Amino acid sequence: WHTGNTGTFLMPEGKALVSPQFVEIETMAESMYQNIPPTGSVEIDIPREIRSFKIYDNGGSNGDYANNSNCYVYITAPEGYLIQMQGVVTTENTNDGLCIYDGDTMTEDHLLGTFTGTTGVDIGTLTSTGTKMSMYFYSDYSSTYEGLDMTVTVTHCKVHKKPHAQNAAEQEQDGSD
């Protein structure tokens with residue numbers, strides 16, 4: 001994930017013509033991605049301006065993942081947003097795979113799904129209940145495949161306020177029980 005890239009330049013004396021280049025949003029989203037490392041962990045804090053990006057295994061978008069992968073990924077959306085994840089997992093059956101969790105606690109009660117299979121398993125659409133989602137990618141010592149091709153999307157969370165309870169005096173005045 002790349003943030004904080006800055007550049008400096010010297011403006012020429014006199015007039016300067018600046019021509020912005022516009023990029024289709026779909027093209028921009030496809031060009032933003034994170035390759036997860038073979039081992040260790042990575043934290044992805046999604047900036048407010050980003051709506052979608054890709055996650056690939058350590059082999060990238062065109063290569064196979066490494067043997068003995070053991071990586072944890074923690075994703076955090078901006079406040080007021082939820083995380084949706086879609087994609088395809090292609091791994092050695094049973095011995096390699098991906099576990100996806102709601103929140104940043106990787107326990108059975110937060111598990112949204114475990115995905116493994118050589119034919120490209122579509123994970124459907126998984127949605128967090130808050131601003132966090134986490135993943136655990138693992139592989140054994142033999143046989144590697146294409147791995148992960150995931151799309152992460154942040155969606156605005158609509159908060160539904162509960163109607164406030166009226167006190168007894170208000171209930172009597174408006175005739176409700």
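These numbers were taken from a predicted model, which means no experiment stands behind them. The chain is numbered in sequence order, starting from 1.
- With sequence neighbours left out, Y74 forms a ring pair (Phe, Tyr, Trp, His ring centres under 6.0 Å) with no residue at all.
- S52 and T153 make their closest contact through OG-OG1, 3.9 Å (heavy atoms, listed as atom of the first residue, atom of the second, distance).
- The ring pair (Phe, Tyr, Trp, His ring centres under 6.0 Å) pairs that include a residue from residues 112-139 are Y65-F137, Y72-Y136, Y136-Y138, where partners are two or more places apart or lie in different chains.
- By the rule that hydrophobic residues join a cluster once side-chain heavy atoms approach within less than 4.5 Å of another member, M133 and M32 end up as members of one cluster.
- How far CD of Q84 is from CG of L126: 9.5 Å, rounded to the nearest 0.5 Å.
- The two residues D57 and E146 come nearest to each other via the heavy atoms OD2-O, 2.8 Å.
- Expressed to the nearest 0.5 Å, how far OG1 of T155 lies from CZ of R51 amounts to 9.5 Å.
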For S134 and D104, what are the C-alpha separation, side-chain angles and deciding distance, and is it a side-chain hydrogen bond (donor to acceptor under 3.5 Å, both in side chains)?
CA-CA 5 Å; S134 52; D104 57 4; over 6 Å; no

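- Hydrophobic clustering (side-chain heavy atoms under 4.5 Å, transitive across Ile, Leu, Val, Met, Phe, Trp, Tyr) groups I50 together with V73.
- Annotation: the span from N93 atom CG to T119 atom OG1 amounts to 7.5 Å, rounded to 0.5 Å.
- For the pair I83/T131, no side-chain contact is recorded, criterion being any heavy-atom separation below 4.5 Å from C-beta on.
- Interatomic distance, Y81 OH to H156 NE2, rounded to the nearest 0.5 Å: 6.0 Å.
- In this structure the side chain of P37 never reaches within 4.5 angstrom of the side chain of N58, judged on heavy atoms.
- Remark: of the listed residues M85, K54, Q34, M85 is the sole one forming a side chain to side chain contact (heavy atoms under 4.5 Å, CB included) with V152.
- A continuous path of hydrophobic side-chain contacts links M150 to V42 [ILVMFWY only; heavy atoms under 4.5 Å].
- Residue L98 holds its CG atom at 9.5 Å from OG1 of T116, rounded to the nearest 0.5 Å.
- Note: the hydrophobic cluster containing M106 also contains L111 (ILVMFWY, side chain heavy atoms under 4.5 Å, direct or indirect links).
- The closest donor-acceptor contact from the side chain of D96 to the backbone of D140 lies under 3.5 Å.
- Around CG of N62, the count of heavy atoms belonging to other residues, nucleotides or ligands within 6.0 Å does not exceed 12.
- Just one residue in the list I44, T151, V154 forms a side chain to side chain contact (heavy atoms under 4.5 Å, CB included) with F53, and that residue is I44.
- By the 4.5 Å heavy-atom criterion applied to side chains, S139 and N95 are not counted as neighbours.
- At least one side-chain heavy atom of L148 sits less than 4.5 Å from a side-chain heavy atom of I36.
- With sequence neighbours excluded, the residues that form a side chain to side chain contact (heavy atoms under 4.5 Å, CB included) with S61 are Y56.
- The CG atom of D102 sits 6.0 Å away from atom OG of S128, with the distance rounded to the nearest 0.5 Å.
- Among all heavy-atom pairs drawn from C71 and S41, the shortest one is SG-CA, 4.5 Å.
- Between Y145 and E92, the closest side-chain pair of non-hydrogen atoms falls below 4.5 Å.
- Residues I75 and I55 form a side-chain contact, since some pair of their non-hydrogen atoms from C-beta on lies under 4.5 Å apart.
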